[in-house]
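Encoded as structure tokens, the structure appears first; notes follow it.
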Amino acid sequence: FPVTIVGSRLVAGADNAAKARINGVELELTIAPVRGLSFGGNLGYTDAKYTRFINSIDGSDWSDSKFPYTPQTTLSIFGDFSQDMGPGQLKLHADYSWRSEAYSSPIAISAAARVGQTPAQIAAQNAAIQSTALIPSYGVLNARVAFQLNEPDVEIALYGRNLTKEKYFTRLLATENTPLSFTSYS
């Protein structure tokens, strides 16, 4: 979803990035040292790059733009405990997930703004405007306590999400350094 400035107008539209390369790896591990207890986690790494991305609005090259909503690193860990207790089973669960910074959209200066600029100046201006689409890294801690009845087959549970009250963004509309001069977060 490229956003660019044409003259003094902000123009946005859907565009197809011609070529991209996405490499990554994910490692996962679960350990159950004793009956009813398990721990685990995973670590992911993604290297996503546009190899060719020409903005169809003004013909500028956006190949150095950031891949949207693609954190480079993700991490999650969890622990589970269950114990038979009277008429059922007590279950405890906690998990923590973290993701590195990501960008909400590819964004770069327009072809008109590049006229008379050196490649280094264009790269610096692109980096500055791309930074307005930055979603900072964040981590979220969740937990759940449940009791599973044997008869009837019913589970009663209490859970909490984001127990540390971490503030984080899930979406971002980057229009900083444009005629609108704001960035919207949600």
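One-based numbering along the sequence shown. Bear in mind the structure is a predicted one, so any value in this text is a computation, not a measurement.
In this structure, a donor-acceptor pair under 3.5 Å is present between the side chains of Asn142 and Asp95. For the residue pair Asp153 / Gln148, a side-chain donor-acceptor distance below 3.5 Å is found, with atom types taken as modelled.
For the pair Ala143 and Leu163, the tightest heavy-atom approach, listed with the atom from each and the gap, is CB-CD1, 3.6 Å. Nearest heavy-atom pair across Ser60 and Arg114 is CB-NE, 3.7 Å. When every heavy atom of Phe78 is checked against every heavy atom of Ser38, the shortest pair comes out as CE1-OG, 4.1 Å. Here the shortest heavy-atom pairing between Ala48 and Thr70 reads CB-CG2, 4.1 Å. Of all heavy-atom pairs spanning Ser104 and Pro68, the tightest one is O-CB, 3.4 Å.
Atom CZ of residue Arg35 and atom OG of residue Ser82 lie 8.0 Å apart, to the nearest 0.5 angstrom. The OH atom of Tyr45 sits 4.5 Å away from atom CG of Asp47, with the distance rounded to the nearest 0.5 Å. Atom CG of Leu37 sits about 10.0 Å away from atom CG of Leu92, to the nearest 0.5 Å. Of the inter-residue distances, the one linking Ile54 atom CD1 with Arg52 atom CZ reads 4.5 Å to the nearest 0.5 angstrom.
Here the side chains of Lys91 and Phe147 are not in contact, with every heavy-atom distance at 4.5 Å or above. Annotation: side chain of Trp98 is not in contact with side chain of Ile77 (no heavy-atom distance under 4.5 Å). When side chains are defined from C-beta on, Tyr50 counts as touching Phe67, because their heavy atoms get closer than 4.5 Å. At least one side-chain heavy atom of Tyr69 sits under 4.5 Å from a side-chain heavy atom of Ile135. A 4.5 Å side-chain heavy-atom check between Gln72 and Thr46 finds every atom pair outside the cut-off. Looking at Leu43 and Thr73, their side chains come closer than 4.5 Å, going by heavy atoms from C-beta outward.
Shown here is Arg21, whose CZ atom has more than 12 heavy atoms of other residues, nucleotides or ligands within 6.0 Å. Heavy-atom neighbours of Asp64 CG from other residues, nucleotides or ligands within 6.0 Å: at or below the threshold of 12.
In terms of hydrophobic clustering, with Ile, Leu, Val, Met, Phe, Trp and Tyr side chains grouped at heavy-atom distances under 4.5 Å, Val34 and Phe81 are assigned to a common cluster. Cluster annotation: Leu149 and Tyr159 are assigned to distinct hydrophobic clusters (Ile/Leu/Val/Met/Phe/Trp/Tyr, side-chain heavy-atom contacts under 4.5 Å, transitive). Tracing side-chain contacts under 4.5 Å through hydrophobic residues (I, L, V, M, F, W, Y), one reaches Leu90 starting from Val154; they form part of the same cluster.
Side chain of Gln130 to backbone of Ser105: a donor-acceptor contact under 3.5 angstrom is found. Remark: the backbone N or O of Ile129 is not paired with any side-chain donor or acceptor of Ser131 at under 3.5 angstrom. Not one N or O on the side chain of Asp80 forms a donor-acceptor pair closer than 3.5 Å with the backbone of His93.
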Could you go through the side-chain contact (heavy atoms from CB on, under 4.5 Å) check for Val140 and Thr164 one step at a time? CA-CA 7 Å; Val140 178; Thr164 60; over 6 Å; no
Intermediate values then yes/no, side-chain contact (heavy atoms from CB on, under 4.5 Å), Trp62 and Asn126: CA-CA 9 Å; Trp62 284 30; Asn126 281 343; over 6 Å; no
Audit row: Glu155, Arg144, salt bridge (Lys or Arg N to Asp or Glu O under 4.0 Å) steps and yes/no: CA-CA 12 Å; Glu155 183 177 78; Arg144 183 175 192 269; 2.7 Å; yes
